Each structure stands twice: as structure tokens, then as C-alpha cells.
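Following: one structure in C-alpha cells, then a few remarks.
The structure presented is a predicted model; accordingly, all values stated were derived computationally and were not measured.
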Amino acid sequence: MVRNHLRSIVYFEGIAEDQITYVAENSLLRTFSSGQTIFIEGEPAEGLWIVETGNVKIFKLNPDGGEHILHFRSPGKSFNDIAALDGGRNPANAATLSAEAQVWLIPSDVITHILTHNPQVALNVIRLMAMRVRSLVTQIEDLALYSVMVRLARFLLKQVEDPSLSGPGVTRTAIAAHINTTPQTISNVLRSLEESGAIQFDRHRIIIVNESLLRSIAML
């Protein structure tokens, strides 16, 4: 199964089958229960992680213990890329969001080996890191320049394109921790968006009913 995930992520696009086999045979499958910590910020990194099932959050803690979620990761997505590549310590914490998650660990020495022996992988890594930097710049811009209403509207639009933002465990509390506000504020803003006609609720699901209006609110 890990071979399918390896082929689906940017790192290993276009590489030979024997190299896919090498990475797969040297990867470890680990299972974590709901809310279980996968790794802790500041610890030595073990390698690159890829989600097999479930959902994972990457987060930082402030001095008061408050949580800010940097990223959500769904099946087929990788995380802890930087530490896996530079051999440093984990830059953030990782924990499961869903009832159970299975994740593959590709040890750092395996990543180094495949990078050393395959220029295509090195190019793929450059592409992926460029994508991640663009995403980070956008995230910083949203937090620094826009209101909670705009940030939430943008998040809802991103959910349509990225399943990791709407999977199990992505609750209002998790969304609040991601866009730097409170669960109560999220609830209030969602009601305002519903009253505007941009969204509606189907039990616990949020449905976009007027995308152009939501994009206008999101200032896109």
C-alpha cells in the first residue's frame, strides 16, 4: 500500500520502480490512536512521514499551552519534510485528529540515499519546498492582514480543493486553532455567513451555496 502513496506524492514522481521498492521496503508503518502524539517539537527527527489513513495536525504551542495548528494532513500527504531533509530537530508537534491514524515513516537516511542517487527526486523536493513556502507566505498574510470573517471564508473555499482541511477531526475548535481565533468566534462568523446566503448547514456539514459571494467575502 505504501507504494501507492509514494507514487502519489511529489517527492517520488517520475522515479524508477526499483527505487520505489527500496523506499517502500525501508519504511515503517505505525498506528496511533485518537489525539495521540506522533512526535514532539525539538526532538531529533526520525524522518519523513506519510499519512496512510486518518488525519494528522501539525501544531505549535504558545507559552500558555494554547495550540496553533499550522497544517492538516490527510491520506497520501507528507509532513515533517524540513527536518527529514536537513537532519535537524522537529520544528513543530504532530498528533492525530481522527479516531485512529496509520502513518508511514521513511527514515532520514533513506531520504538522503534516494536524494543522492536520483536527481529527479532532488528536483521534486525543490518543487515541493517552493509550494510549501508559497503556502506559508499566504498563511502569514491571512493572519496578519485579514479579519476572522475573511480568514474563515478563505478556509472554507480551500476545503473544497484540499480534503485534508475537511476530514475527520477538523472541528470548529481545530479550525479556530488554525486561523488563530476562538471556537465561539468561529460559530458566530459561520452564522453570519449563513445569514448572508453564502453557506448553509446540513447537520454538522457546511455547504457552500453561493461560491461567488463567499469569494467576495474572502476578498479573492
Side-chain angles (χ1 to χ4, degrees), residues 1-30 38-60 69-97 101-143 154-155 157-167 178 220:
M1 192 65 176
V2 69
R3 285 179 173 82
N4 294 332
H5 285 321
L6 290 176
R7 293 190 188 93
S8 71
I9 66 173
V10 175
Y11 278 103
F12 304 109
E13 288 180 358
I15 73 170
E17 187 64 29
D18 63 323
Q19 293 172 320
I20 287 283
T21 299
Y22 165 76
V23 177
E25 289 179 347
N26 287 280
S27 299
L28 307 170
L29 181 62
R30 296 185 177 176
I38 298 173
F39 57 72
I40 296 173
E41 179 180 358
E43 290 183 342
E46 295 183 79
L48 178 71
W49 298 81
I50 302 173
V51 182
E52 167 89 12
T53 60
N55 285 275
V56 171
K57 62 180 178 181
I58 314 302
F59 64 99
K60 304 274 283 189
I69 297 178
L70 301 171
H71 311 290
F72 298 98
R73 293 290 182 254
S74 59
K77 298 293 182 69
S78 63
F79 58 98
N80 215 35
D81 309 69
I82 296 299
L85 292 169
D86 70 7
R89 297 180 179 273
N90 301 323
N93 307 283
T96 59
L97 273 170
Q102 290 185 311
V103 291
W104 288 96
L105 170 63
I106 306 176
S108 295
D109 61 336
V110 175
I111 295 293
T112 300
H113 175 85
I114 204 75
L115 278 170
T116 303
H117 291 81
N118 195 309
Q120 181 61 52
V121 176
L123 289 173
N124 291 343
V125 167
I126 293 171
R127 287 173 51 211
L128 182 60
M129 290 301 100
M131 290 166 55
R132 294 282 167 86
V133 170
R134 286 182 181 274
S135 176
L136 182 59
V137 168
T138 299
Q139 188 174 353
I140 292 171
E141 179 186 41
D142 287 350
L143 291 173
R154 291 185 172 201
F155 181 84
L157 289 166
K158 288 177 184 176
Q159 283 185 320
V160 177
E161 303 172 355
D162 187 350
S164 67
L165 299 178
S166 57
H178 180 57
L220 294 175

Is there a donor-acceptor contact under 3.5 Å from the side chain of D162 to the main chain of K158?
no
For a ring-ring contact (aromatic ring centres under 6.0 Å, His included) check, start with the C-alpha distance between H71 and F79, then their side-chain angles and the critical distance, and finish with the verdict.
CA-CA 9 Å; H71 311 290; F79 58 98; over 10 Å; no
Could you report the tightest heavy-atom contact between N124 and Y11, atom names first, then the distance?
ND2-O, 2.9 Å
Minimum heavy-atom separation for I106 to S27, with atom names?
CG1-OG, 3.4 Å
Minimal non-hydrogen separation, I69 against Q139, with atom names:
O-NE2, 4.1 Å
Out of curiosity, L48 CG to I111 CD1, how far, rounded to the nearest 0.5 Å?
4.5 Å
By side chain to side chain contact (heavy atoms under 4.5 Å, CB included), which residues pair with T112, not counting sequence neighbours?
T116
What distance separates T96 OG1 from K57 NZ, expressed to the nearest 0.5 Å?
8.0 Å
Looking only at heavy atoms, what is the nearest atom pair of P107 and L105, with distance?
CD-O, 3.4 Å
What's the spacing between Y22 OH and I114 CD1 if we round to 0.5 Å?
7.0 Å
Gap between atom CD1 of I38 and atom CD1 of I40 - 0.5 Å precision:
11.5 Å
Which distance, rounded to the nearest 0.5 Å, do you find between the CG of L128 and the OG of S78?
5.5 Å
Taking the inter-plane angle between the rings of F39 and W49 on a 0 to 90° scale, is it parallel (under 30°), tilted (30 to 60°) or perpendicular (over 60°)?
tilted
Kindly indicate whether the side chain of F72, heavy atoms from C-beta on, has any atom under 4.5 Å from the side chain of N55.
no
From CG (L28) to CD (E46), nearest 0.5 Å
8.5 Å
Can you see which heavy atom on N80 is nearest to which on G47, and at what distance?
ND2-O, 3.8 Å
Where is the tightest heavy-atom contact between R154 and D142, given as atom of each residue plus distance?
NH1-OD1, 2.7 Å
Do L115 and L85 touch side chain to side chain, with heavy atoms closer than 4.5 Å?
yes
List the steps, then state whether side chain to side chain contact (heavy atoms under 4.5 Å, CB included) holds for Q19 with V23.
CA-CA 6 Å; Q19 293 172 320; V23 177; 5.7 Å; no
Donor-acceptor contact present, side-chain S135 to main-chain M131, <3.5 Å:
no
Could you list all the salt bridge (Lys or Arg N to Asp or Glu O under 4.0 Å) pairs where at least one residue sits in residues 131-141, not counting sequence neighbours?
D81-R132
Could you pull out all residues at least two apart from Q159 that satisfy side chain to side chain donor-acceptor pair (under 3.5 Å)?
none
